Amino acid sequence: MKHLLIAFVKGWRALISPLYGDVCKYYPTCSAYGLEALQIHGALRGSRLIMRRLVRCHPWSMGGIDPVPGSPLEARLLAEADNDTRGTRPDEHSLANDDECIPMR
């Protein structure tokens with residue numbers, strides 16, 4: 001069943017999506033989201049995630065980044081958010097202790 005649904009989504013992306021043009025408010029697009037949801041979670045849970053996403057996708061939605069739960073994109077976004085809340089980024093230098101700080105007078 002999973003492979004049949006994946007084939008359907010790939011067919012949709014090849015035949016139907018180009019007719020709409022670049023109108024998706026979400027990243028990843030609904031069809032890319034659906035494909036990834038099916039590949040990661042299988043037919044049942046992947047289908048539920050697709051339906052939930054399609055219900056949210058309408059002209060009045062704000063859109064934005066909406067990764068598939070458990071996807072590499074979600075893990076990367078969570079890691080970046082965690083680094084931002086701690087005040088450091090992986091590529092920035094942070095002072096390890098107070099000895100290195102210059103006191104203010």
Side-chain angles (χ1 to χ4, degrees):
M1 185 67 168
K2 172 183 169 178
H3 298 290
L4 182 64
L5 291 170
I6 288 173
F8 174 78
V9 172
K10 286 183 177 183
W12 179 274
R13 293 183 79 184
L15 301 172
I16 307 298
S17 287
L19 299 175
Y20 284 106
D22 190 17
V23 296
C24 195
K25 293 181 175 187
Y26 284 102
Y27 178 81
T29 64
C30 290
S31 58
Y33 182 97
L35 187 60
E36 190 171 18
L38 290 169
Q39 290 170 337
I40 291 174
H41 297 291
L44 187 61
R45 182 153 189 244
S47 295
R48 277 198 315 257
L49 289 169
I50 293 168
M51 293 305 296
R52 195 180 93 203
R53 171 67 175 269
L54 291 175
V55 167
R56 289 192 318 259
C57 188
H58 53 79
W60 303 279
S61 71
M62 294 297 292
I65 299 174
D66 182 27
V68 174
S71 70
L73 175 61
E74 181 192 43
R76 190 174 76 227
L77 291 173
L78 289 173
E80 288 175 6
D82 186 42
N83 287 331
D84 287 345
T85 59
R86 288 186 289 170
T88 60
R89 303 218 15 115
D91 55 340
E92 291 179 351
H93 173 73
S94 62
L95 299 175
N97 56 36
D98 293 330
D99 300 344
E100 299 173 10
C101 294
I102 299 171
M104 299 289 291
R105 295 189 191 225

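Just so you know, residue 1 is the first one in the sequence shown, and it goes up from there. All figures in this text were calculated on a predicted structure; none of them were measured in a lab.
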#### Entry: Contact summary for Cys57 and Cys30, nearest pair of heavy atoms
SG-SG, 3.7 Å

### Query
Hey, is NZ on Lys10 packed in by over 12 heavy atoms from elsewhere, all under 6.0 Å?
no

### Query
Side-chain heavy atoms under 4.5 angstrom apart, residues restricted to Ile, Leu, Val, Met, Phe, Trp, Tyr: same cluster for Val23 and Tyr26?
no

## Note on the structure
Closest heavy-atom pair, Gly34 versus Ile50, reported as atoms and distance to 0.1 Å, is CA-CG1, 3.5 Å

### Message
Between Leu54 and Leu5, is there shared hydrophobic-cluster membership here, with clusters defined by ILVMFWY side-chain heavy atoms closer than 4.5 Å?
### Response
yes

### Task
Can you see which heavy atom on Trp12 is nearest to which on Pro18, and at what distance?
O-CD, 4.5 Å

### Message
Does His3 have more than 12 heavy atoms from other residues, nucleotides or ligands lying within 6.0 Å of its NE2?
### Response
no

### Query
Going by the salt bridge (charged side-chain N to carboxylate O under 4.0 Å, His left out) test, which pairs reach into residues 46-61, not counting sequence neighbours?
Arg53-Asp66, Arg56-Asp66

### Query
Distance from Arg13 atom CZ to Thr29 atom OG1, nearest 0.5 Å?
5.0 Å

### Task
Identify the two heavy atoms, one from Gln39 and one from Lys2, that lie closest to each other, and give their separation to 0.1 Å.
O-NZ, 3.5 Å

### Task
Keeping the roles fixed (side chain from Glu36, backbone from Ala32), state whether a donor-acceptor pair exists under 3.5 Å.
no

### Query
Apart from Leu77 itself, what residues make up its hydrophobic cluster, given side-chain heavy atom links below 4.5 Å?
Tyr27, Ile65, Leu73

## Note on the structure
Between His58 and Lys25 the two heavy atoms that sit nearest each other are O-NZ, 3.9 Å

#### Entry: Flag side-chain contact, heavy atom, 4.5 Å: Ser47 against Leu38
yes

### Query
Rest of the hydrophobic cluster containing Leu49 (Ile/Leu/Val/Met/Phe/Trp/Tyr, side-chain heavy atoms under 4.5 Å)?
Tyr33, Ile40, Val68

### Message
Using every non-hydrogen atom in the two residues, find where Ser31 and Ser17 come nearest and quote the distance to one decimal.
### Response
OG-OG, 4.0 Å

